[in-house]
Amino acid sequence: MSSQYFFSIQRFIKRVLDVFVAASLLILLLPVFLTLCVLIAVQMGRPIFFFQVRPGKNGKLFSIIKFRTMLSQPKDHHLEDFERFTPLGLVMRNLSLDEIPQLYNVLKGDLSLVGPRPLLVEYLPLYSKRQQLRHKVPPGITGWAQINGRNSISWEEKFEYDIWYVENWSLLLDLKILCMTFFKVIRRDGVNSANDVTMKKFTGTQ
């Protein structure tokens, strides 16, 4: 059996596992899903979901879906992210509950359970040639960078973790990342950067 054939078999199994796990979690988490929908509607109003276009594998664009965690930006003045977060929004972010709707993206094939996180479209022209390698595989809900610091590490460190994942991918590595993600979420490690509620924007590597 050639290495390429074995790699293709692993990729097929990865996709089957993505669909099975995503569908199972959506069913199991349905009570949580519906409860959050109600709480968001009461505390923040509509819309309940946050949609944003992100680049996927090979830079192909898709619309990611999350639970809304912040109040809308006022028309008369600008608020920073930390000023727009509601108590419910912070809880959802800290426990990664806002990510639950992305399981639908996994079912559609836009996302995998594990892979480099899909970032903003505006970052695409800012990547170095090496950093562009992160788009050789499908993006994921969690990834190697997320279990090695998430928002508490620099962009350059995060991209190096993503590239290492692309170059060393295997099903066993995915299973390791999923297990470590579970414990990271429970301990709430690396959710926020040192000085901000959310990660500062990437402006390119100097």
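Nothing fancy with the numbering, it's 1 onward along the sequence.
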> What pairs with Glu157 under side chain to side chain donor-acceptor pair (under 3.5 Å), at least two apart in sequence or on another chain?
Replying inline: Ser154
>> Regarding Arg117 and Glu99, does a basic nitrogen lie under 4.0 Å from an acidic carboxylate oxygen?
In response: yes
> Can a salt bridge be assigned to the pair Glu167 and Arg130 using a cut-off of 4.0 Å between side-chain N and carboxylate O?
Replying inline: yes
>> On a heavy-atom basis, which atom in Tyr161 and which in Trp144 lie closest, and how many Å separate them?
In response: O-CD1, 3.3 Å
> Which atom names give the shortest non-hydrogen contact between Val106 and Arg15, and what distance separates them?
Replying inline: O-NH1, 2.7 Å
> Going by heavy atoms in the side chains, are Lys136 and Lys57 under 4.5 Å from each other?
Replying inline: no
>> Looking at every non-hydrogen atom in both residues, tell me the closest pair between Leu133 and Val166 and how far apart they are.
In response: O-CG2, 3.7 Å
> For Leu173, which of Leu175, Leu171, Ile177 qualifies under side chain to side chain contact (heavy atoms under 4.5 Å, CB included)?
Replying inline: Ile177
>> Is it the case that the ring center of Phe67 lies less than 6.0 angstrom away from the ring center of Phe50?
In response: no
> Quick one: are Pro55 and Phe62 in side-chain contact, heavy atoms under 4.5 Å?
Replying inline: no
>> Within the 4.5 Å heavy-atom criterion, are Arg93 and Phe85 side-chain neighbours or not?
In response: yes
> What are the two closest non-hydrogen atoms of Met92 and Asp98, and how far apart are they?
Replying inline: O-OD1, 3.3 Å
>> I'd like to know whether CZ of Phe182 has more than 12 heavy-atom contacts from other residues, nucleotides or ligands below 6.0 angstrom.
In response: no
>> Tell me whether the count of non-hydrogen atoms from other residues, nucleotides or ligands lying under 6.0 Å of OH in Tyr104 goes above 12.
In response: no
>> To check you understand the geometry: which heavy-atom pair defines the closest contact between Val53 and Val121, and what is its length?
In response: O-CG2, 3.4 Å
>> I'd like to check the side chain to side chain donor-acceptor pair (under 3.5 Å) partners of Asp174; sequence neighbours left out, ordered by chain and number.
In response: Lys14, Tyr165, Trp169
>> Before we go on, tell me: are the rings of Trp155 and Tyr123 under 6.0 Å apart, centre to centre?
In response: yes
> Should Gln146 and Thr181 count as side-chain neighbours, where that means a heavy-atom distance under 4.5 Å?
Replying inline: no
>> Exactly one of Arg134, Gln131, His135 should register a side chain to side chain contact (heavy atoms under 4.5 Å, CB included) with Asp162. Which one does?
In response: Arg134
> What is the minimum heavy-atom distance between Leu120 and Lys201, and which atoms define it?
Replying inline: CD1-CE, 4.3 Å
> Okay, side chain of Arg54, backbone of Pro118: is any donor-acceptor separation there less than 3.5 Å?
Replying inline: yes
> If you round to the nearest 0.5 Å, how far is CZ of Phe202 from OH of Tyr127?
Replying inline: 7.0 Å
>> Using side-chain contact (heavy atoms from CB on, under 4.5 Å), reason through Gln52 and Ser63 one step at a time and then give a plain yes or no.
In response: CA-CA 5 Å; Gln52 191 173 56; Ser63 183; over 6 Å; no
Expected list for residues 16-43: side-chain donor-acceptor pairs under 3.5 angstrom, two or more places apart:
| from | atom 1 | to | atom 2 | distance (Å) |
| --- | --- | --- | --- | --- |
| Asp18 | OD1 | Ser112 | OG | 3.4 |
| Asp18 | OD1 | Leu113 | N | 3.2 |
| Asp18 | OD2 | Ser112 | OG | 2.7 |
| Ser24 | OG | Phe20 | O | 2.8 |
| Thr35 | OG1 | Pro31 | O | 2.7 |
| Gln43 | OE1 | Thr86 | OG1 | 2.9 |
| Gln43 | OE1 | Leu88 | N | 3.3 |

>> One pair to check against side-chain contact (heavy atoms from CB on, under 4.5 Å): Glu160 and Ile163. What are the steps and the verdict?
In response: CA-CA 5 Å; Glu160 282 303 312; Ile163 295 164; 4.2 Å; yes
